[in-house]
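Let me begin by presenting the structure, written as structure tokens, before commenting on it.
Just so we're clear, the structure is a prediction, and the values are computed from it rather than from any experiment.
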Amino acid sequence: MSTTAIHRPAKLELLELLAAIGTAQWRDFAAAAARYGLTSTQAKVLAQLQGPVPMRGLASLLACDASNVTGIVDRLEARGLVRREPEPRDRRVKNVVATDLGRETMRRVREEMQATHGALDTLDEVESATLYALLERLRPTLERGPQA
């Protein structure tokens, strides 16, 4: 019988580890995006476009002013990576939609995140499934953001 005690990390230790992993993943994402001539913010916008997203919605996701999003979307649109479409229920609202080229570019960026892929490759099948389940459990709460 093993007498090895399980380390029960404090929340601060977990937060620091999540932050370190998030920072490393973001650095890898930004480097892969740069190979396609995208800034990290432009790539982040493109990554958010699983479907039509209103301009204000992008500003909220990026935690920035809507006027900042306009310039980012302008540059992505000029490269043919996104297009603006009127919202069918309110034509004053403009949705941003990834084009086929934009979706393909984002797929390639994600494929080329070598540091992240390498780290995930160190996990076996059970570890990958466990990590996925844990992150899926945390995701809804974290995506809701801070409660007022």
Side-chain angles (χ1 to χ4, degrees), residues 9-148:
K11 283 183 187 175
L12 182 57
E13 290 175 289
L14 292 170
L15 289 171
E16 288 173 353
L17 187 56
L18 282 171
I21 290 169
T23 298
Q25 187 271 342
W26 179 250
R27 191 171 42 246
D28 195 25
F29 178 75
R35 290 192 286 276
Y36 289 89
L38 296 169
T39 67
S40 55
T41 304
Q42 289 170 336
K44 186 175 181 180
V45 165
L46 207 48
Q48 300 297 319
L49 299 177
Q50 303 305 310
V53 179
M55 294 284 285
R56 287 209 179 279
L58 282 175
S60 177
L61 288 168
L62 296 172
C64 70
D65 191 76
S67 63
N68 294 342
V69 173
T70 300
I72 296 165
V73 171
D74 285 347
R75 288 184 284 284
L76 290 171
E77 192 171 38
R79 292 188 52 193
L81 300 171
V82 303
R83 69 178 178 275
R84 289 179 174 97
E85 296 179 345
E87 168 61 43
R89 293 177 299 272
D90 183 350
R91 297 188 64 76
R92 295 170 297 174
V93 174
K94 296 295 181 207
N95 288 327
V96 181
V97 179
T99 63
D100 289 343
L101 178 61
R103 284 187 294 278
E104 175 62 17
T105 300
M106 189 47 47
R107 184 191 64 74
R108 288 180 179 176
V109 166
R110 287 185 172 128
E111 276 184 0
E112 292 183 20
M113 294 174 62
Q114 296 307 310
T116 304
H117 285 280
L120 292 172
D121 287 343
T122 67
L123 302 176
D124 65 29
E125 194 174 315
V126 172
E127 291 168 330
S128 290
T130 301
L131 178 60
Y132 183 85
L134 291 170
L135 293 173
E136 276 293 304
R137 198 163 133 203
L138 293 175
R139 185 179 189 167
T141 303
L142 292 172
E143 284 184 342
R144 274 196 302 270
Q147 303 301 310

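- Within the 4.5 Å cutoff, the side chain of Leu38 has heavy atoms near those of the Leu81 side chain.
- Counting non-hydrogen atoms of other residues, nucleotides and ligands closer than 6.0 Å to CZ of Arg107 gives a total above 12.
- For the pair Pro9 and Leu14, the tightest heavy-atom approach, listed with the atom from each and the gap, is CG-CD2, 3.8 Å.
- Environment of CZ in Arg84: crowded, with over 12 heavy atoms of neighbouring residues, nucleotides or ligands closer than 6.0 Å.
- In this structure, Leu134 and Leu138 have side chains that are not in contact, with every pair of non-hydrogen atoms separated by 4.5 Å or more.
- Salt bridge present: Glu136 and Arg139 bring a charged side-chain N and a carboxylate O closer than 4.0 Å.
- In this structure, CD on Glu77 lies 10.0 Å from OG1 on Thr99, to the nearest 0.5 angstrom.
- Within 6.0 Å of CZ on Arg137 lie no more than 12 heavy atoms contributed by other residues, nucleotides or ligands.
- Here the side chain of Gln48 pairs no donor or acceptor atom with the backbone of Val45 at under 3.5 angstrom.
- Under the 3.5 Å distance criterion, the side-chain polar atoms of Glu16 are left unmatched by any main-chain donor or acceptor of Glu13.
- Glu111 CD: more than 12 foreign heavy atoms inside a 6.0 Å radius.
- A donor-acceptor pair under 3.5 Å is absent between the side-chain atoms of Arg108 and the main chain of Tyr36, judged by distance alone.
- A heavy-atom distance below 4.5 Å is not found between the side chains of His117 and Leu120.
- The nearest pair of heavy atoms linking Phe29 to Ser40 is CE2-O, 4.0 Å.
- The closest side-chain heavy-atom distance from Lys94 to Pro54 is not below 4.5 Å.
- Rounded to the nearest 0.5 angstrom, Asp28 CG and Thr23 OG1 are separated by 12.5 Å.
- Annotation for Ala43 and Met106: closest pair O-CE, 3.3 Å, computed over non-hydrogen atoms.
- A donor-acceptor pair is defined here as one N or O able to donate and one able to accept, closer than 3.5 Å; no such pair exists between the side chain of Ser128 and the backbone of Glu125.
- A heavy-atom distance below 4.5 Å is found between the side chains of Arg75 and Ile72.
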>> Let's go through Glu85 and Asn95 carefully: what are the C-alpha distance in whole Å and the side-chain angles of both, what is the deciding distance for side-chain hydrogen bond (donor to acceptor under 3.5 Å, both in side chains) to 0.1 Å, and is it a yes or a no?
In response: CA-CA 5 Å; Glu85 296 179 345; Asn95 288 327; 5.7 Å; no
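- Heavy atoms only, all atoms of each residue included: Leu49 and Val97 are closest at CD1-C, 4.2 Å.
- Scanning both residues, Val73 and Val82, for their nearest heavy atoms gives O-CG2, 3.9 Å.
- Shortest non-hydrogen contact noted between Val126 and Asp124 is N-OD1, 3.1 Å.
- Counting only distance, with no hydrogens or angles, the side chain of Arg79 and the backbone of Gly37 share a donor-acceptor pair below 3.5 Å.
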